[in-house]
> 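Provided herewith is a single structure, encoded as structure tokens, for subsequent inquiry.
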Amino acid sequence: MTLDVHVRDLRYFVAVAEELHFTRAAERLYVSQPALSKQVRALERQLGIELFRRDRHGVALTDAGTALLPHARRVLADWAEGAAAVEAARAAQHSTLVVGMSTSPVRGGLLPAIRSRFTAAHPEAVIRLRQVNWEDPSAGLADGAADVAFVWLPLPGQERYDWTVVAEEPLMVALPDTHPLSDRAEVDFTDLLDEPFLALPKSTGPLRDYWLALDARDGRPPRIGAEIASTEETYEALTAGLGVCLVAAGNVPLLTLGGVTARPVRGVTPSRYVLAWRREDGRRPLVRAYAEACRRVTGRS
């Protein structure tokens with residue numbers, strides 16, 4: 001028995017088997033009745049056995065036809081599922097990936113390098129960058145506005161996400177050039193305990209606590225000089241003398257634009273900057289591809 005049977009042949013066979021009428025089956029398949037009859041005859045010749053009995057009373061399945069029917073249906077169902085998977089993959093190749101961020105990752109050309117690797121593998125995909133203010137520490141992941149995002153740990157609802165680490169960086173303190181501590185080569189965090197701090201919005205939860213270094217204060221509550229929700233607001237608050245703030249070493253160039261200096265800080269936990277995504281999206285082709293490009297660029301594959 002030849003195994004070179006086309007999906008079309010099985011589709012024609014199933015239609016006739018279910019209708020038990022060649023004309024109705026042809027109408028269902030949008031083909032002519034003679035063409036359908038010819039194709040079914042060709043299938044029977046390939047298999048070497050009749051699948052239908054045709055007489056003046058109508059059409060009926062033979063024992064061979066009855067035996068073949070459930071298998072033909074299964075093949076058609078599997079093929080439909082496979083075709084849907086291919087279509088989903090094709091659509092993913094042509095879709096847009098939204099990359100959220102609350103602070104531009106200025107680290108050594110990171111974004112262009114990731115984009116280059118990603119587009120080499122997915123040339124039809126479109127990357128759209130989405131800047132989010134600091135009121136949303138997930139940079140668009142929490143409400144579905146972003147597919148992946150460059151964010152800082154810890155995240156509110158952190159169990160919802162997976163991530164790959166982009167950078168682990170020591171913390172520095174940003175302060176006005178006129179601040180008494182600005183002439184030190186390094187600052188101990190205990191020297192900052194009484195300083196007013198610039199704080200993230202309360203909506204950022206554990207991330208606000210991290211940048212206030214609550215774990216290094218031995219229970220002493222921080223003094224809040226002002227709340228800030230963007231790099232620009234932070235710079236303005238620093239130059240206005242409203243407070244000081246901790247900043248990851250990689251972000252120092254964003255704040256030291258004139259009138260602001262930064263010094264290394266002892267006694268605080270280093271920062272972790274990550275590319276994150278919702279856990280349920282981890283199997284999406286474009287999410288996986290962007291994360292893999294990020295790992296290769298950062299050397300964390």
> Quick one: closest heavy-atom pair of G243 and L238, and the distance?
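Smallest interatomic distance, heavy atoms only, reads O-CD2, 3.3 Å.
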> Quick one: closest heavy-atom pair of L155 and S138, and the distance?
CD2-CA, 3.8 Å
> Looking at every heavy atom in both V297 and R117, which two are closest together, and how far apart are they?
CG2-CD, 3.6 Å
> How are the rings of W152 and Y273 set relative to one another: parallel (under 30°), tilted (30 to 60°) or perpendicular (over 60°)?
tilted
> Between NE2 of H21 and OG1 of T23, what distance do you get to the nearest 0.5 Å?
5.0 Å
> Report the distance from atom CD of Q158 to atom CZ of R279, rounding to the nearest 0.5 Å.
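Here the rounded value is 9.5 Å.
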> Look at the side chain of E44 and the backbone N and O of L51, then say whether any donor-acceptor pair between them is shorter than 3.5 Å.
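Side chain of E44 to backbone of L51: a pair is present.
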> Distance-only, no hydrogens or angles: does the R272 side chain make a donor-acceptor pair with backbone N or O of P154 under 3.5 Å?
no
> Are L200 and V132 in one and the same hydrophobic cluster, where Ile, Leu, Val, Met, Phe, Trp and Tyr link if side-chain heavy atoms are under 4.5 Å apart?
no
> What I want to find out is whether R288 reaches E292 closely enough, with some N-O distance under 4.0 Å, to be called a salt bridge.
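Answer for the salt bridge query: no.
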> For the CG atom of L212 and the CG atom of L198, what is their distance to the nearest 0.5 Å?
9.5 Å
> What are the two closest non-hydrogen atoms of L97 and V148, and how far apart are they?
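Heavy-atom minimum between the residues: CD2-CG2, 4.3 Å.
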> Should Y12 and V7 be counted in the same cluster of Ile, Leu, Val, Met, Phe, Trp and Tyr side chains packed under 4.5 Å apart?
yes
> Please round to the nearest 0.5 Å and tell me the distance separating atom CD of E280 and atom CZ of R160.
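Taking CD in E280 and CZ in R160, the distance rounds to 7.0 Å.
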> Within a strict 4.5 Å, meaning less than it, do heavy atoms of the L192 and F197 side chains meet?
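Heavy-atom side-chain distance check passes, below 4.5 Å.
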> Work out which heavy atom in A229 is nearest to a heavy atom in P201; give both atom names and the distance.
CB-CG, 4.2 Å
> For the atom pair CE (M172) and CG (L246), what is the distance rounded to the nearest 0.5 Å?
11.0 Å
> So, do L171 and Y210 sit near enough that their side-chain heavy atoms are less than 4.5 Å apart?
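L171 vs Y210: side chains touch.
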> Would you say the side-chain atoms of S271 pair up with the backbone N or O of E169, donor to acceptor, closer than 3.5 Å?
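Yes, S271 side chain to E169 backbone: donor-acceptor pair under 3.5 Å.
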> Not counting sequence neighbours, which residues clear side chain to side chain donor-acceptor pair (under 3.5 Å) with R184? List them please.
D191
